[in-house]
Amino acid sequence: MRRIHVIDSHTGGEPTRIIVQGGPDPGPCDLAQRREVFRQQFDHVRRSVICEPRGSDILVGGLLCPPLDPACTAGVIFFNNTGFLNMCGHGMIGLMVTLAWLGRIGPGVHHIETPVGIVTATLLDSHRVAVRNVPSWRYLRDVTVPVSGYGVVRGDVAWGGNWFFIVSEHDKELSLSRWKTLSEFTGSIRQALESAGLTGADGSPIDHIELSGPPVDSRADSRNFVLCPGGAYDRSPCGTGTSARIACLAADGLLSPGQIWRQESITGSVFEATAERTDNVNGHPAVVPTITGSAWITGDLQLIFEPSDPYQA
Ligand code: PYC
């Protein structure tokens, strides 16, 4: 009987499930190649760990892998109910707290391999983690798209480890009670981007849609609502979404190096973010964001796959 050992956590309300034992072995290649092997040969494992009946559409999973580079602590491949992610900020915070829970790391600086590069994560205490993300940058500014039922919507296309369309001009109230309305609006934006043939710089779909608005807590700088690729909304302020947002702010001269940006989520949880200037990417100004947030363990469990279960995967 197959068993997979997972550790569940949440980061600012957004859950992460890390496979720590019993998962697939996609081989000793780099993380981008391992993600392809996972996608092609072990997609049933992704589905059975994340989707119902063991999981749900809001879970983000991570396969803990041995690193290729001995200077790194670990590698990770993030995935969700519809496929694979490039990077995941809340998931990286969850991974670090998971490794601390297992006694595999202590406070300090750790390098973690991901399919889009090495991320430096500092475990500050058993819950708090600072993630120095991959270089983040704005690809397109002030793009307009006709959105069926809503009219023309304007936004920026930016990379923060995933592709985002960030909309600041809208008439929507960013409150949790409006999550259905906000999900419908952002879902329609995503469809409109697809119909218009708008993609990220590498031709990948812009699969995360972020609405920005004023914060509810006056100590924060902004509140967001982020629609994730699988249709669920991020309960946390979204680490890669916050990275993409501060890349746009820095490009507009609205965030100086080292200045703290407090990003509030739709649930009220907060990430602190700072941006350091780095070399331009594809001719665009870029920053290296550091996102700080906290995670807590919610489960340490064995998933069971009974051979006679017709719905095991
Ligand atoms: O925190 O980067 C993030 C993230 C991506 C999707 C869900 N959370």
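We number each residue from 1, following the sequence as shown. In each ligand, atom 1 is the first atom listed, and ligand 1 is the first ligand listed.
For ligand 1, one of its N or O atoms has an N or O atom of Asp234 under 3.5 Å away. Residue Gly239 has at least one N or O atom closer than 3.5 Å to an N or O atom of ligand 1. Taking only nitrogen or oxygen atoms, main chain and side chain alike, Cys228 does not reach within less than 3.5 Å of ligand 1. Considering backbone and side-chain N/O atoms, His90 comes within less than 3.5 Å of an N/O atom of ligand 1.
Between the side chain of Arg3 and the backbone N or O of Gly22, no donor-acceptor pair lies under 3.5 Å. The backbone N or O of Ser212 lies less than 3.5 Å from a partner atom in the side chain of His170, making a donor-acceptor pair. Judged by distance alone, the side chain of Asp156 and the main-chain N or O of Ala158 form no donor-acceptor pair under 3.5 Å.
By the criterion of a heavy-atom distance under 4.0 Å, both the backbone and the side chain of Thr240 are placed next to ligand 1.
With ligand atoms numbered from 1 in the order given, ligand 1 contributes 5 (C), 6 (C) to contacts under 4.0 Å with heavy atoms of His208.
The shortest separation from a heavy atom of Met87 to ligand 1 is not under 4.0 Å, leaving the residue out of contact.
Ring-centre distance between Trp163 and His208: not below the 6.0 Å cut-off.
Remark: Glu52 CD is loosely packed, at most 12 non-hydrogen atoms of other residues, nucleotides or ligands lying under 6.0 Å away.
With respect to Arg223 and Asp217, no salt bridge is recorded, no charged nitrogen being found less than 4.0 Å from a carboxylate O.
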